[in-house]
Amino acid sequence: MRLEDNIYFAGENTVASVCNQFGTPLYLYDSDKIVEQIKTFKQAFNWPKLKVKFAMKSLSNISILKLMKAHGVELDAVSLYEAETGFFAGYKPSQIMYTPSGVKFDELEEGVLKGYQINVDNLSTLEKFGEKYGNTVPCCLRINPHIKAGGNHKIQTGHKDSKFGISLLQIDQILEITKKYDIVINGLHMHTGSEIYEIDPYIEGAKVLFKLAQNFAHLDFIDFGSGFKVAYKDGDKVTDLKKLGDNLVAEFSAFCDSYGKELEMWFEPGKFLVSESGVLLVKANVVKQTPYSTFVGVDSGLNHLIRPMMYDSYHEIVNVSNPTGKVQNYNVVGYICETDTFAWDRPLNEVREGDILAIKNAGAYGFSMSSNYNSRPRPAEALIVNGVPQLIRNRETIQDILKNQIDIFQEEEIKI
Ligand code: LLP
């Protein structure tokens with residue numbers, strides 16, 4: 001989205017015309033921005049065997065996945081359904097890293113049958129994996145390196161009390177199980193959380209993996225996960241990717257020398273690739289003045305973008321319809337019967353009923369975390385390709401809300 005002569009444009013069209021064409025609420029993504037982020041990412045990590053696996057949990061629309069694929073990006077999936085979506089988008093199973101957490105062993109078996117790269121995150125599953133497959137199917141180990149990183153405790157995943165990964169302190173048990181069944185460990189993985197702008201946690205975590213790696217003779221890759229922080233507002237700290245890349249590549253290179261093999265370097269960025277590419281466009285339904293403050297009630301809510309309510313995340317908001325209006329403070333709230341506040345006491349250009357507001361940085365974990373709460377349909381999604389917005393998901397309707405419900409009473413009179 002860009003402002004030219006006080007008019008907001010998305011590609012070649014005005015944002016207002018895109019909203020007229022597809023309606024609101026609308027998730028609108030810019031493919032140019034996604035491609036730019038992919039390039040920046042690849043340039044930062046100058047390693048010949050670099051693999052970027054898009055964390056599709058952040059945005060799983062098949063048109064987005066196809067765009068990723070066209071730019072040499074593979075996939076990180078956390079459920080069989082995500083992996084299947086990736087397959088549907090044209091990925092080979094071998095390009096899909098499957099990292100479930102706390103699932104029944106059946107789901108791992110299904111993943112093996114499909115041919116995904118399996119990532120095991122607990123000892124009980126490792127034991128079952130060994131029993132069933134011995135040395136016939138390789139697997140990766142998700143290690144918990146006991147590193148507390150990232151701002152918000154709700155999105156930290158690599159500390160000692162986290163449910164994710166196998167503790168680095170359990171290496172003896174890992175080795176016992178892998179030896180007992182002759183399991184081929186072809187990769188080591190970590191993911192310590194999201195929104196980590198410091199470089200140190202990545203390097204510290206990498207060192208943990210390098211040390212453990214010397215126990216495994218058949219590694220093909222090390223997966224350093226993700227968590228790269230992007231700017232949600234002016235002045236936000238972001239991960240210095242170039243500096244991280246230079247440091248990590250140097251450490252990795254030294255490790256590979258000592259390991260005796262040039263391994264693949266994997267990452268699983270979600271937010272970095274898509275967050276800034278997306279906006280959620282909503283319409284101001286009501287402007288409500290109370291004796292204390294002014295609320296703007298929009299045609300969306302926590303059912304469409306839950307991040308502000310779940311993590312207290314800051315999302316910049318702009319009034320697309322009135323960019324020169326007098327700035328006043330507003331509480332921007334949703335239409336859900338909960339306190340679903342997008343922004344509290346936020347300076348915005350004067351908002352009038354009917355104005356379009358753009359909620360920025362909505363590309364990652366926006367649509368993918370949406371729901372039908374209050375029986376409200378999910379928004380449509382559109383992608384700007386070569387300057388032109390194209391619909392990539394229809395807006396849901398009442399039929400979508402009702403389609404899986406079973407009316408057991410039908411025409412009968414209810415006698416209970
Ligand atoms: N790899 C694994 C194993 C993950 O669990 C995640 C995110 C990623 C990669 C991608 O991380 P990213 O690059 O997006 O930071 N829903 C939250 C964040 C939790 C994400 C969970 N896992 C949010 O809206 O901020």
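We count ligands from 1, going down the list as the structure has it; atoms in each ligand are counted the same way. Quick note: residue numbers are just sequence positions, from 1. Since the structure is predicted, the reported quantities are computational estimates derived from the model, not experimental observations.
Of the residues listed (His304, Arg376, Arg378), the one engaging Ser370 in a side chain to side chain donor-acceptor pair (under 3.5 Å) is Arg378, and it is the only one. If you run salt bridge (charged side-chain N to carboxylate O under 4.0 Å, His left out) between Asp76 and each of Lys53, Arg142, Lys57, only Lys57 comes through. Under the side chain to side chain contact (heavy atoms under 4.5 Å, CB included) rule, Asn361 has a single partner from Ser275, Ser313, Ser277, which is Ser275. None of Asp299, Leu302, Asn374 except one satisfies the side chain to side chain contact (heavy atoms under 4.5 Å, CB included) rule with Tyr335; the exception is Asp299.
Annotation for Lys229: atom NZ counts as buried by contact number, over 12 foreign heavy atoms lying within 6.0 Å. Within a 6.0 Å sphere centred on NZ of Lys261, heavy atoms belonging to other residues, nucleotides or ligands number more than 12.
The nearest protein atom to atom 22 (N) of ligand 1, hydrogens excluded, is given as Lys57 CD, 3.6 Å; this is a heavy-atom distance. Scanning all protein heavy atoms for the shortest distance to atom 25 (O) of ligand 1 gives Lys271 NZ, 2.6 Å. Ser194 OG, 2.6 Å is the protein heavy atom nearest to atom 15 (O) of ligand 1. For atom 1 (N) of ligand 1, the closest non-hydrogen atom of the protein is Glu268 OE1, 2.6 Å. For atom 13 (O) of ligand 1, the closest non-hydrogen atom on the protein side is Ser226 OG, 2.5 Å. Scanning the protein for heavy atoms near atom 19 (C) of ligand 1, the closest one is Ile155 CG2, 3.9 Å.
Using modelled atom types, one side-chain atom of Asp121 and one backbone atom of Gly165 make a donor-acceptor pair closer than 3.5 Å. Checking side-chain atoms of Asp340 against main-chain N and O of Gly301 turns up no donor-acceptor pair under 3.5 Å. Judged by distance alone, with hydrogens and angles left aside, the side-chain atoms of Thr239 form no donor-acceptor pair with the main-chain N or O of Leu241 at under 3.5 Å. One N or O on the side chain of Arg395 and one on the backbone of Pro25 form a donor-acceptor pair closer than 3.5 Å.
Heavy-atom distances between Gly227 and ligand 1 reach below 4.0 Å in at least one pair.
Evaluated by nearest non-hydrogen atom to atom 14 (O) of ligand 1, the leading choice among Phe272, Phe164, Tyr365 is Tyr365.
For ligand 1, the atoms closer than 4.0 angstrom to any heavy atom of Pro269 are 13 (O). Ligand-side atoms of ligand 1 in range of Ala55: 8 (C), 9 (C), 10 (C), range being under 4.0 angstrom from any heavy atom. Heavy-atom proximity to Arg142, at under 4.0 Å, picks out these atoms of ligand 1: 3 (C).
The side chain of His191, and not its backbone, has at least one atom closer than 4.0 Å to an atom of ligand 1 (non-hydrogen atoms only; side chain from C-beta on). Under 4.0 Å from ligand 1, the heavy atoms of Arg307 that appear belong solely to its side chain. At a heavy-atom cutoff of 4.0 Å, ligand 1 is contacted by no atom of Val78, backbone or side chain. Neither the backbone nor the side chain of Met310 comes within 4.0 Å of ligand 1, counting heavy atoms alone.
Not one N or O of Thr99 is nearer than 3.5 Å to an N or O of ligand 1, by distance alone. Looking at ligand 1, you'll find an N or O of Gly270 within less than 3.5 Å of one of its N or O atoms. At under 3.5 Å, a nitrogen or oxygen of Tyr311, whether backbone or side chain, sits near a nitrogen or oxygen of ligand 1.
Residues Phe272 and Phe54 have side chains not in contact (no heavy-atom distance under 4.5 Å, counting atoms from C-beta outward).
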